Each structure stands twice: as structure tokens, then as C-alpha cells.
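Keep in mind the model is a prediction, meaning the values are calculated, not measured. Just so you know, these numbers use all the heavy atoms, side chains as well, and skip hydrogens, waters and symmetry mates. Lettering of chains follows the sequences in order, A, B, ..., and the numbering in each one begins at 1.
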2 protein chains.
Amino acid sequence: MEYSEKQIAIIKAAEKLFAIKGFDGASVRDIAHEADINVAMISYYFGSKEKLMEAVFEARSSNIRLKIENLLADDKLSHLGKVNVLIDDYVDKFIHQQEFHKIMMREQMIEKDTPIAGLIHDLKKRNLESIKRLIEEGQKKGAFKKNIDVVLMMTTLVGTVSQMITSQYFYKKMNNLEHMEEVEFQKHMRKKLSIHLKNLFKQSLSNEQ
Amino acid sequence: MEYSEKQIAIIKAAEKLFAIKGFDGASVRDIAHEADINVAMISYYFGSKEKLMEAVFEARSSNIRLKIENLLADDKLSHLGKVNVLIDDYVDKFIHQQEFHKIMMREQMIEKDTPIAGLIHDLKKRNLESIKRLIEEGQKKGAFKKNIDVVLMMTTLVGTVSQMITSQYFYKKMNNLEHMEEVEFQKHMRKKLSIHLKNLFKQSLSNEQ
DNA sequence: AAAAATTAATTAAACGTTTGTTTAGTTTTA
DNA sequence: TAAAACTAAACAAACGTTTAATTAATTTTT
């Protein structure tokens, strides 16, 4: 779907306000004001608030799967090296799309079969299958140990990054980083998470012990 | 604060619906219906919807800190043993209070200085300080390695459990556990998370390598 | 190329619902 | 019989959406 400038502005505003206030907390008038357009334009372009949410989703849910497939094919990287790239990809994706991922987290908490819940499920399933292949490849070559629960592993990867983003203000305060500029702090988070997660997974995947 | 039966019913209903639908998504009429009381009783007992949320918080935010303090004083457990008990406490607390923790997660995403945001912050800060002492004790005795980032460690602990709870339906499906009864599944989650997290932390805290 | 006709974009206002809260009255409890 | 518990109804405000009218852009006709 091709979007006009105004439509992009609406999606951007919706993404921001849905992330901050939640779907019900953000009114269409809020969004219209943020996007600097008339309220009626939201219905005009997207049909409804619900459909606007779907448009936000469609626009932002880039597939990480392609990257994983490329990783699988890469023969210059070790098996652990591939996992490390995967970690960095996830960390980067979450940090650069914080707003969208807050929306995703919220949407997953809703106990309802929304169209978006289905989209998230399929996305996660496809990603997981690719990552499973990546791990199994390492196991076959003896680089990784047997009995790795990939779902649990991904739960820790995604959970750690999500939790960091959700509680970044707390993290800042606990580390006396409140003075730090936003961009600088994002770099800091990125680095810290990357090292932390790589250490965590290196030890729990490794066959040597 | 002592609550009557009806007040408890309202808090329970509010906890459930705030968790499922979010604060704005759950209407006072929804809550009144769920609690099987008249809408006006919410204002009558709690003053407002906002205050009801605070009451839910006050009623559910049991302090895990006391448990940690007892752990610190325990001399029958090894340092790693204490960390393992801590892990189990967190896993149990989250699984048995899933609804409340969903509310906490949602509340932390809101970029607003609500009274509850302050409560969460103080709670986390106090807990963190106790856990830091627990880790430092182990470091002093040479059981744990130096340079442990306790905030990051807790981010992984809380993040993993949160993510598991948020995406438990996905986890069920990926492991073909859809047939499993709710109580049985909770036991399963509890066990899996416990083992997974203990392994993860054992290796990243341990001084032996 | 100018004029006319058609379509698209945009607006302010109004729509009917739903929202959280209050009121005024009734029933129950102590 | 006074206080507390409870109710149905009403309240104004905010909600998502639609309408009707106007302006801007595009296409068709001359």
C-alpha cells in the first residue's frame, strides 16, 4: 500500500500516541491534533480507528525473517557468530522501533482474537522457525549443545530487551544517567544489552564445559 | 485499609478487567457488571476510577523485599542457593499474580508521572537494593565473580518471566500444550522458567570457569 | 489552451453512544 | 431512627464516526 504524506503523518502520530497512551487511551482527536489534520481525515483515509491501528501495524511490522535467512546462508560466520548477529538485530530493531514494540506488547496482553493478534502470532512463528534452523545447524556441527529450548531462549532475548525499553527510565536513574542525551543513551543501552545477552547465550548454548 | 466483601469483589473485578483491557479499555460499567454490583458503588466506595486503580495497586503490591531480607539472613543456604530461591520467588509471584503484573507492565509503558508510576519505581528500587546486597555478599565470599550488573540481571529475570506470561498462548501453541489444563500449564511454566533461569544465572554469576 | 466537468481532499458541525460521575431517593443494617 | 448500603436515573463531557458543504486538484471536452 502506498501512502500519501498526510497518511504517513497520521500513521506516525497514531504510532506515537498508541504507544504512550494505549489504543483506548489515545483518542482520534488526539491523533488528528498530533498529525495536524482534521479528525474526519482519519475515517476518510483509514475507515476507522481500528483500521488505523492495522495500518500502523502493516507499515511497521518489517520482517526480521529475511535477515535470519541470509544469516543461515552466510558461511563466513561461526555458529555462535550468527547467534550474536541475531541478538544485535533484535536489540537494534527494538530500540529503533520502541513505539511500535510497545504497541505490540500491549496488543499481546489483550485476551482477544484481534486481527493484529493473528498477525503478531504468524510473524513470531515464522521468525521462530528460522531461528530454530539456525540453532539446529549449530547443533549438527557440534558447536551448540543438545536440548536447547529455542522458545525459552527467545523469551529471554525478547523479554530482556522489552523489559529494558519498558523500564528505561528506571535503568537511567539506577545508573545515574539522567543527564545523558536520548541518542547517546540509546547507544549505551544498545551496547549494554548486546554484551549482556551475548554473554548469557554464549554460556547457555556452548558445548564446551 | 480494611475492605468489605463487596469492595474486595470490585477490586478483584477491576484487577481482571484492567489486566485484560487496560485502564481505559475497561469501563466502570464493565467492572460493576463483573463484580455484580451497581455502577454507583465504585464512586461510593473508591471515589473514582483512578482511585480504584490505586486501590488495586495497594491491595496487590505485596513487598517481595521482606523475603529477600530473610534470604540474606539465612545461613543454611549457599550464595547461589539464595539466588535460586529468589528466582523461584519471582517466578511464583508473577505466575500467581499474572493479572496484577500485566497492569504493572502496562502502567510502566505510560509516559506519565501517575501516582502509581511512583509506587512502582519505589518498589523496584527497594527490591533492587536488597538484591544488590545479596549479590555483593556472594562476591565478598568469592562465590560470584566481580563486575555483575545487577540491574541488567534483574532486567533479564523480570523480562523473561513477563514475556512468558504475555506470550503464554504462543508458547502453548509452539509446544503443542493447548490441551493442557490451566493449573497444570501454570505448573509447567513455573518449572520450565525456574530451570531455565537458574541455568542462565548460574553460569553468568559463577566464578568458576 | 481555456472552459467545463469530475473527482479528491478538506473542513466545521452534528450525530448518536458511551464514558465517569452525581443525584435523589429507597432499602437494609445496627 | 439514624447511618450505611444500595439503586435507577440523569448528568455533562468525550468518544468514534458521518454528514453536508467547500476548496483543490485532475480529467475531459471544446
Side-chain angles (χ1 to χ4, degrees), chain A residues 1-59 103 106-107 110-117, chain B residues 1-59 103 106-107 110-117:
Chain A
M1 182 77 90
E2 289 294 308
Y3 290 122
S4 72
E5 251 181 74
K6 299 246 164 173
Q7 284 170 300
I8 291 168
I10 294 170
I11 289 175
K12 203 171 166 182
E15 182 184 28
K16 178 179 173 182
L17 295 181
F18 285 157
I20 296 174
K21 303 183 169 193
F23 181 77
D24 295 295
S27 73
V28 289
R29 283 172 180 82
D30 283 343
I31 296 166
H33 184 259
E34 173 80 26
D36 203 25
I37 48 102
N38 188 285
V39 229
M41 296 308 292
I42 289 174
S43 293
Y44 178 73
Y45 277 130
F46 299 95
S48 69
K49 191 186 180 185
E50 195 80 46
K51 294 253 187 69
L52 171 58
M53 171 67 119
E54 290 176 41
V56 170
F57 230 82
E58 202 227 309
I103 296 174
R106 273 221 189 76
E107 201 68 21
I110 299 170
E111 282 172 28
K112 214 167 85 186
D113 267 330
T114 59
I116 289 160
Chain B
M1 184 75 88
E2 289 296 309
Y3 291 122
S4 72
E5 251 181 74
K6 298 247 164 173
Q7 284 170 299
I8 290 168
I10 294 170
I11 288 175
K12 203 170 166 183
E15 182 184 27
K16 178 178 171 182
L17 295 181
F18 284 157
I20 296 173
K21 303 181 168 195
F23 180 77
D24 296 295
S27 74
V28 289
R29 282 170 182 83
D30 285 343
I31 296 165
H33 185 259
E34 173 80 26
D36 202 26
I37 47 104
N38 188 285
V39 229
M41 298 307 293
I42 289 175
S43 293
Y44 178 72
Y45 278 130
F46 298 96
S48 70
K49 191 187 179 184
E50 197 93 52
K51 294 254 186 69
L52 170 58
M53 171 66 121
E54 289 176 40
V56 170
F57 232 82
E58 201 224 313
I103 296 175
R106 272 224 184 75
E107 202 67 22
I110 300 170
E111 281 172 28
K112 213 167 86 184
D113 267 330
T114 60
I116 290 159

Is any side-chain heavy atom of [X] closer than 4.5 Å to a side-chain heavy atom of [Y]?
X	Y	value
A:Phe57	A:Pro115	no
B:Tyr3	B:Ile10	no
B:Lys49	B:Phe18	yes

Expressed in angstrom and rounded to an integer, what is the separation of [X] atom [atom1] from [N] atom [atom2]?
X	N	atom1	atom2	value
A:Lys6	C:dT11	NZ	C1'	11 Å
B:Gln7	D:dC6	CD	C1'	13 Å
B:Asp24	C:dG20	CG	P	9 Å
A:Ile10	D:dG16	CD1	P	14 Å
B:Glu2	D:dA4	CD	P	18 Å
A:Leu17	D:dC15	CG	P	12 Å

Subject >> Reported CZ-to-CD1 distance for the pair A:Phe23 and A:Ile116, which is rounded to 0.5 angstrom >> reply: 7.5 Å
Original post:
Could you state the interatomic distance from CD1 (B:Ile31) to NZ (B:Lys12), rounded to the nearest 0.5 Å?
Top reply: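 Between B:Ile31 CD1 and B:Lys12 NZ, I get 15.0 Å after rounding to 0.5 Å.
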**OP:** Before giving the answer on side-chain contact (heavy atoms from CB on, under 4.5 Å), spell out for B:Gln7 and B:Phe46 the whole-Å C-alpha distance, their side-chain angles and the decisive distance to 0.1 Å.
**Re:** CA-CA 9 Å; B:Gln7 284 170 299; B:Phe46 298 96; 4.1 Å; yes
**OP:** Check for a donor-acceptor pair, side chain of B:Arg106 on one end and backbone N or O of B:Ala19 on the other, with a separation under 3.5 Å.
**Re:** yes
Original post:
Just by distance, do the side chain of B:Lys6 and the backbone of B:Ala35 share a donor-acceptor pair under 3.5 Å?
Top reply: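 The answer is no, because no donor-acceptor pair under 3.5 Å joins these two groups.
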**OP:** Can you sort out which residues in residues 30-52 of chain A have a heavy atom within less than 4.0 Å of DNA chain C? Ascending by number, please.
**Re:** A:Asn38, A:Ala40, A:Met41, A:Tyr44, A:Tyr45
Original post:
Roughly how bent is the helix from C:dA1-D:dT30 to C:dA30-D:dT1 end to end, in steps of 10 degrees, with each end axis from five pairs?
Top reply: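 If I round to tens, the end axes sit 10° apart.
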**OP:** Let me know, please, whether B:Arg29 or A:Ser27 comes out on the 5' side of the other along DNA chain D by nearest nucleotide.
**Re:** B:Arg29
